[in-house]
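Structure record follows, encoded as structure tokens.
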Amino acid sequence: TMGEAEFLSTPHNIQISEVTCDSFRIAWEMTSEDVARVTHYFIDLSRKEGGEQNRFKHRDVPTKLVAKAVPLPMAVRGHWFLSPRTEYCVAVQTAIRQPDGDYQVSEWSQVVEFCTGDYAMDHLQQLLDKAQGAAGRMLRFSVFYRNQHPEYFHYVRTECGNAMLPTLKDNSGSHGSPINGKLCGVFLSCNTEFDTGLPPKDSPYGPLRFHVTASNLLNPNTHLYFADFYCMYTAYHYVVLVLAPVGSEGDRFCSGRLPLLDLTANPFLIYVPGAEPTFCHASDVILEVLYTEPLALDQGTVVQISGHHQLMSLSTANAKKDPSCKVCNISVGR
């Protein structure tokens, strides 16, 4: 009949809402006549071209989703393996399935771009559970430390009022970690050599070491958060923790975004209360502790380390996480 062959209107005014790291809702406008007769939606989603070329291209072949028509907005979840914090392009087409199995289709809508979100709390909890499995036994430690070059400490003394100031966390580690490019802090280490119980003699970050008694930073006035678990095509793994004084700006940022750890009982970094509190760190992962406040040099001491200055290849600045490692990747989007 003539009615069947009437053209479908082109979907317009596409709305993307409720975007997470691996899902979104999509809606658009079409005529009321079309709403009554459309049987299927075709949704075309692809990673926005340009920027960093994704080396795992075969996992992201642009694909068309054929979905039975449902009331809008339609939830898109699990149809694709969406990556967190990634820009995508989406377009839609409406269709009427004909008795012979062919489709009468509308024109494609305009392409709309959107960006997926950070890992949500449940994803971080999955990552935390995996990290717990890799953490290993607890070893005693007594200082947090930070290695840098003489120029850095000179700058701190002359330009920063003698305090190491928080800087923006780079994009190293998991792509979906909520702190990347958003939270400021001062990175500290606490790992020790198992035979001496002391910090290692060398460092990829520089020959001078600031160290501060653990109790100055890790105490009941501090909140400890889990932020990431990753490796860089290496046998060993990194765990990123955030140490934020209760009520501080950093604490407010992390609250509700990152899993809060119990200071006295967690797999990574613990404070054991007592007349003389003791401190322990996980022995089988490398902890990167982000302290969210300025750290005055006079809270600790700066010393020359005895070991040689190691290769910078051990540095984790802007390091890319190995996406194929079974130990530290979670499957979002399923």
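Remember, it's a predicted structure, so these values are computed and weren't measured experimentally.
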Verify, without hydrogens or angle tests, whether N266 (side chain) and L269 (backbone) share a donor-acceptor contact under 3.5 angstrom.
yes
Verify same cluster id: L243, F187 (apolar side-chain graph, 4.5 Å):
yes
Are I286 and V327 linked, directly or through other ILVMFWY residues, by side chains that come within less than 4.5 angstrom of each other?
yes
Evaluate the side-chain proximity of T94 to W28: yes if any heavy-atom separation is below 4.5 Å, no if none is.
yes
What residues, two or more places apart in sequence or in another chain, satisfy side chain to side chain contact (heavy atoms under 4.5 Å, CB included) together with T264?
D262, Y271, P273
Can V285 be reached from M232 by stepping across I, L, V, M, F, W or Y side chains whose heavy atoms are under 4.5 Å apart?
yes
With the side chain counted from C-beta on, respond yes when D228 and L127 share a heavy-atom pair under 4.5 Å apart, and no when they do not.
yes
Flag, side chain of K130 to backbone of N329, donor-acceptor distance under 3.5 Å:
yes
To check you understand the geometry: which heavy-atom pair defines the closest contact between R137 and L139, and what is its length?
NH1-CD2, 3.4 Å
Could you go step by step and tell me if F42 and W108 meet the side chain to side chain contact (heavy atoms under 4.5 Å, CB included) rule?
CA-CA 9 Å; F42 297 163; W108 281 103; 4.0 Å; yes
Does the side chain of S248 come under 3.5 Å of the side chain of D251 through a donor N or O and an acceptor N or O?
no
Using a 3.5 Å distance criterion without hydrogens, assess whether the side chain of Y236 forms a donor-acceptor pair with backbone atoms of C231.
no
If we count only N and O atoms by modelled type, under 3.5 Å, do the side chains of R47 and S83 hold a donor and an acceptor together?
yes
Could you walk me through whether L287 and Y238 satisfy the side chain to side chain contact (heavy atoms under 4.5 Å, CB included) test, starting with their C-alpha distance in whole Å, then the side-chain angles of each, then the deciding distance to 0.1 Å, before giving a yes or no?
CA-CA 6 Å; L287 296 181; Y238 295 86; over 6 Å; no
Step-by-step side chain to side chain contact (heavy atoms under 4.5 Å, CB included) determination, L261 to L128:
CA-CA 10 Å; L261 300 172; L128 193 165; 3.8 Å; yes
Show the numbers, then the answer: is there a side-chain hydrogen bond (donor to acceptor under 3.5 Å, both in side chains) between N219 and T222?
CA-CA 6 Å; N219 56 56; T222 325; 3.2 Å; yes
Which pair of heavy atoms, one from T10 and one from S109, lies closest together, and at what distance?
CG2-CA, 4.0 Å
Drop me the distance from H12's NE2 to Q110's CD, to the nearest 0.5 angstrom.
10.5 Å
Interatomic distance, L45 atom CG to L82 atom CG [nearest 0.5 angstrom]
6.0 Å
Output for pair (R25 CZ, L72 CG), nearest 0.5 Å, gives 10.5 Å
Identified side-chain contact (heavy atoms from CB on, under 4.5 Å) partner of V302 from the options H211, R157, Q148, R209
R157
Go through the side-chain N and O atoms of N191 and S189 and say whether any donor and acceptor fall under 3.5 Å apart.
no
Salt-bridge test for D118 and K182: reply yes if a basic N is under 4.0 Å from a carboxylate O, no otherwise.
yes
Applying the ring pair (Phe, Tyr, Trp, His ring centres under 6.0 Å) test to F268, which of F229, F279, F226 qualifies?
F226
Got a sec, which residues hit side chain to side chain contact (heavy atoms under 4.5 Å, CB included) with T20, two or more places apart in sequence or on another chain?
D22, S23, R77
Within the supplied structure, the quantity of interest is the number of heavy atoms (other residues, nucleotides, ligands) at a distance under 6.0 Å from H154 NE2; does it exceed 12?
no
Heavy atoms of P267 and A135 approach each other most closely as O-CB, 3.5 Å
Common cluster, L217/M138, ILVMFWY with side-chain heavy-atom separation under 4.5 Å
no
Looking only at side chains, do Q93 and Y103 share a donor and an acceptor under 3.5 Å apart?
no
A275 versus P277, closest heavy-atom pair with distance
O-CD, 3.7 Å
Identify the heavy atoms of A244 and G250 that sit nearest to each other, and give their distance.
CB-C, 4.0 Å
Taking the six-membered ring for Trp, are F210 and F153 ring centroids under 6.0 Å apart?
no
ILVMFWY cluster, V111 and I26 together (side-chain gap under 4.5 Å)
no
Check the side chains of D122 and Q126 for a donor-acceptor pair under 3.5 angstrom, ignoring hydrogens and angles.
no
With heavy-atom distances below 4.5 Å as the criterion, would you say the side chains of V289 and F144 are in contact?
yes
Contact check, side chains of I43 and M74, non-hydrogen atoms, under 4.5 Å:
yes
Is a donor on one side and an acceptor on the other found under 3.5 Å between the side chain of S215 and the backbone of T213?
no
d(E87 CD, S46 OG) to nearest 0.5 Å is 12.0 Å
At their closest point, which heavy atom of C21 faces which heavy atom of T116, and how far apart are they?
O-CB, 3.9 Å
I need the L258 CG to S177 OG distance, nearest 0.5 Å.
6.5 Å
Side chains of S106 and S9: does their closest heavy-atom pair fall under 4.5 Å?
no
Counting only heavy atoms not in E249, do more than 12 sit closer than 6.0 Å to its CD atom?
no
Answer yes if the side chains of T192 and H281 hold a donor-acceptor pair under 3.5 Å, and no otherwise.
yes
D102 vs R97, salt bridge (charged side-chain N to carboxylate O under 4.0 Å, His left out): CA-CA, chis, key distance, verdict:
CA-CA 6 Å; D102 276 350; R97 192 181 159 100; over 6 Å; no
Test log, rule side-chain hydrogen bond (donor to acceptor under 3.5 Å, both in side chains), inputs E288 and Y230:
CA-CA 11 Å; E288 298 185 296; Y230 71 98; 2.8 Å; yes
Beyond-backbone contact of L183 with V242, side-chain heavy atoms, under 4.5 angstrom:
yes
Does the side chain of L8 reach to within under 4.5 Å of the side chain of V105, using non-hydrogen atoms?
no
Report yes if some heavy atom in the side chain of S174 is under 4.5 Å from a heavy atom in the side chain of Y119; otherwise report no.
yes
Report the distance from atom CD1 of I305 to atom CG of L208, rounding to the nearest 0.5 Å.
8.0 Å
For the pair C160 and Y155, evaluate side chain to side chain contact (heavy atoms under 4.5 Å, CB included) and give the outcome as yes or no after the intermediate values.
CA-CA 7 Å; C160 306; Y155 176 75; 3.5 Å; yes
